[in-house]
Number of protein chains: 2
Amino acid sequence: MDSPRQPDRPRPVTITDIAALTGVAPSTVSRALTRPARVNQATRERIEAAARELNYVPNSQARALTSGRTRTIAVLVSGVTNPFYFGIIRGTQQELKAAGYAHLLIDVEDSGELETQMLHRMRQSLDGAILAASRLSERELVGLAAEIPLVTINRDARGVPSVVIDTPAGIGQAVEHLISLGHRDIVYVSGPERSWPNEARWHRMRATAASHGLQVRRVGPFPPERPSGTAAADAVVNTGATACIAFNDLLAIGMLTRLRDRGVRVPEDLSVVGCDDIFGADFCNPPLTTLTAPIDQAGRVAVAMLLSGLAERSTPHPPRRCVVLPTHLTVRESTGPAPAGTA
Amino acid sequence: MDSPRQPDRPRPVTITDIAALTGVAPSTVSRALTRPARVNQATRERIEAAARELNYVPNSQARALTSGRTRTIAVLVSGVTNPFYFGIIRGTQQELKAAGYAHLLIDVEDSGELETQMLHRMRQSLDGAILAASRLSERELVGLAAEIPLVTINRDARGVPSVVIDTPAGIGQAVEHLISLGHRDIVYVSGPERSWPNEARWHRMRATAASHGLQVRRVGPFPPERPSGTAAADAVVNTGATACIAFNDLLAIGMLTRLRDRGVRVPEDLSVVGCDDIFGADFCNPPLTTLTAPIDQAGRVAVAMLLSGLAERSTPHPPRRCVVLPTHLTVRESTGPAPAGTA
DNA sequence: CAAAAGTTGGCAAACGATTGCCACCAGATT
DNA sequence: AATCTGGTGGCAATCGTTTGCCAACTTTTG
């Protein structure tokens, strides 16, 4: 084990080197650098100077070994294809960088298996994890949360801190918007059936419609991707409805493309509402009326919650928290008055 | 240091636990798990069974400490806002996951400072890094490459392996396309002046035009973001040109929005070409003619190069490689015949 | 002035794994 | 029968850092 590293790459500087240079013990160097109050100011300054001079960088693996903390947080997303997650990634990245944590990105590709497995395997290298759009059951989630500090996004599970974007509330606004435009026949274009937000959106839509004495229908489920918009659009056209709310913008944008190809005019013949207000929702054709969600903020808040939870460890029972972020309806050009004939 | 970890979180299983359970020495367990040929088959099977039973997961920090390898690769992007990097992130993520490496995401926000600093600080926790869109000078780049294995994307520096997307070749195609449509006055909408691809695109555009006896102009520089499209559009309109090629799609899409607001018809009054074919280029209004770049593939190839370089370490001089990925022009609806009056 | 209290620094034992070296034991070779 | 060889397994050092404990010294206090 003389030199497992490259011959051309110099051995990194260690606290022992600094100790040798300043004539103190390695332990003193360690303390000077991590608990400044623990050593004499003069000694500390000598050590700091030497560290700077040698261009010392602490070895985080070695540090993690004793301290148990790695200053690394994993962010699990399901499919890096979906622009929705870019907000999450951006938000978490910002906040983690600011706090001096590393950002480990994991794509679990919609697989609960992969999700559990990855988290389990990496739990020793992580201080915590953010689960954006978990496919896990409540039981699995709680089990994992016992292994490693967790915060979920858009997935409410008892006992696991979470950030949820209140799209359902926005759905209420969207339904009111459509009803006020004279629509009486509105369908929901469903996303993945086992997705928590999907069900929440559908329930709220039904409830709001019911409070106006209307019934709503549902088509799908469709994978929440652009290509599925084709089938979704066709399905909606077949229902004869005058308006629809899609599970997310990706699906809605896909539908827009198909409707245009079929010669169905939006919003004259059919009004379309999306969810999330992702990149592109404002410049598609026509610009999409959608539920604007504070996606970046969700990522930032999730990180903040996770880190604050890490700080106040070993309290009797960690304060279970759930932050709800509001959404609002952004009206653009994909919604309009109901066609006259059907009023 | 009795128990630095949480009281409620059980101490993870170590090779010592397995050793105790099977009655062998820890070193034997280590060998059974990492060099199966080195131990007797019977012993190995007992150890493997025990490991499985105890649900053993090796501690990667400890492993890294002796081996020097962390199985972690950093991906540096400049601004997670730019959809171009979505592709890079996706591509690298896929390939890294397949190879069993962790994906550390770092946003360096267009700052060369941050880039060097981050890489320098993390070099001991990384097996290598992928630099997408580096702002570093050639000298800095070569210096860093001596510290840690590097592969750059779209940044050609002598001695540093790189993947470059051959957008300049595509620019040639785009210019031919515009000339064949009758355009004689084409301007380049410049991105950041110190960006390597920006200069490469501009040079190729000028060269291609020159070979047809045409001169081209240049406006900018503009930050390669959507909002800058407003200023860019105004600048192009002022030139009186009939066609333009923008540094990237983000800028082009921003221009489209502005042109529409100003009542400038695309492509009737002005043809617009973008670069990259990012998410959204196909559904904006009008759909954008652009240079389709294999972005994901660039990420995948970069990872493959980096990892293969890692494997064949300690060869006298690492084979300097540079992979060039082709692009092609995707014609959509933002380009058309030059206006009659100007022909 | 002695005892108590507070500072400051060093020793050495962890953390969990890897690995060079050696010892032991078969079986093969001479 | 003595030696060699190859296959197995253990010992102990090592990676770089942290931290409990103690010793030495300084300062305060009664």
Side-chain angles (χ1 to χ4, degrees), chain A residues 1-6 9-47 50-51 54-71 121-125 127, chain B residues 1-6 9-47 50-51 54 56-71 121-125:
Chain A
M1 246 172 52
D2 263 353
S3 156
R5 73 191 63 251
Q6 286 315 297
R9 222 186 314 288
R11 190 178 61 72
V13 178
T14 70
I15 50 169
T16 312
D17 299 327
I18 303 182
L21 186 63
T22 51
V24 299
S27 49
T28 305
V29 176
S30 168
R31 278 192 283 253
L33 265 25
T34 56
R35 304 210 192 318
R38 184 61 177 67
V39 302
N40 186 294
Q41 181 180 344
T43 329
R44 169 157 53 88
E45 281 168 3
R46 267 196 308 142
I47 293 176
L54 295 179
N55 203 359
Y56 168 72
V57 177
N59 181 315
S60 33
Q61 331 301 126
R63 214 169 234 195
L65 205 50
T66 39
S67 69
R69 266 157 298 107
T70 58
R71 292 194 82 79
R121 301 184 67 82
M122 311 207 65
R123 92 200 114 118
Q124 293 185 66
S125 335
D127 285 357
Chain B
M1 244 176 56
D2 265 351
S3 156
R5 73 190 63 254
Q6 285 315 298
R9 225 188 312 292
R11 191 178 62 72
V13 178
T14 70
I15 51 169
T16 313
D17 299 327
I18 303 183
L21 185 63
T22 51
V24 299
S27 49
T28 306
V29 176
S30 169
R31 277 191 283 254
L33 266 23
T34 56
R35 302 208 193 319
R38 183 63 177 68
V39 303
N40 186 293
Q41 181 179 343
T43 330
R44 169 159 52 88
E45 283 169 1
R46 265 194 310 142
I47 292 176
L54 295 180
Y56 168 73
V57 177
N59 181 315
S60 31
Q61 332 300 127
R63 212 169 236 192
L65 205 50
T66 38
S67 69
R69 269 158 296 107
T70 58
R71 293 195 83 79
R121 301 184 65 83
M122 311 208 63
R123 93 201 113 113
Q124 294 185 63
S125 336

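The figures that follow rest on heavy atoms only: side chains count, while hydrogens, waters and symmetry mates do not. Each chain gets a letter, A, B and so on, in the order the sequences are listed, and its residues count up from 1.
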With a 4.0 Å cut-off on heavy atoms, is [X] in touch with a base, just the backbone sugar-phosphate, or nothing at all?
| X | result |
| --- | --- |
| B/Thr14 | sugar-phosphate |
| B/Arg44 | nothing |
| A/Thr43 | sugar-phosphate |
| A/Ala25 | sugar-phosphate |

Distance below 4.0 Å between [X] side-chain N/O and [N] OP1 or OP2:
| X | N | value |
| --- | --- | --- |
| B/Thr28 | D/dG10 | yes |
| A/Arg63 | D/dT18 | yes |
| A/Ser27 | C/dG10 | no |
| B/Ser30 | C/dT18 | yes |

Report the distance from atom [atom1] of [X] to atom [atom2] of [N], rounded to the nearest whole Å.
| X | N | atom1 | atom2 | answer |
| --- | --- | --- | --- | --- |
| B/Leu33 | D/dT8 | CG | P | 17 Å |
| B/Asn59 | C/dG16 | CG | P | 7 Å |
| B/Gln61 | D/dT14 | CD | P | 23 Å |
| A/Arg11 | D/dT14 | CZ | C1' | 13 Å |
| A/Gln41 | C/dG9 | CD | C1' | 17 Å |
| A/Ile15 | C/dG9 | CD1 | P | 15 Å |
| A/Arg38 | D/dC21 | CZ | P | 13 Å |
| B/Ile47 | C/dA17 | CD1 | C1' | 14 Å |

Working to the nearest 0.5 angstrom, can you tell me the gap between [X] [atom1] and [Y] [atom2]?
| X | Y | atom1 | atom2 | result |
| --- | --- | --- | --- | --- |
| A/Ser60 | B/Leu65 | OG | CG | 10.5 Å |
| A/Thr28 | A/Ile18 | OG1 | CD1 | 12.0 Å |
| A/Gln61 | A/Thr70 | CD | OG1 | 9.5 Å |

message = When you measure only distances, ignoring hydrogens and angles, does the side chain of B/Arg35 come within 3.5 Å of the base of C/dG20 through a donor and an acceptor?
response = no

request  = Determine whether any donor atom in the side chain of B/Arg31 lies under 3.5 Å from an acceptor atom in the base of C/dG20, or the reverse, and answer yes or no.
outcome  = yes

key: Check: A/Ile47 and A/Arg44 side chains under 4.5 Å, non-hydrogen atoms   = no

remark   = Heavy-atom nearest pair, B/Val13 first then B/Asp17, reads CA-OD2, 3.3 Å

task = Tell me which nucleotide among D/dG10, C/dC15, D/dT8 gets nearest to the side chain of A/Leu65.
result = C/dC15

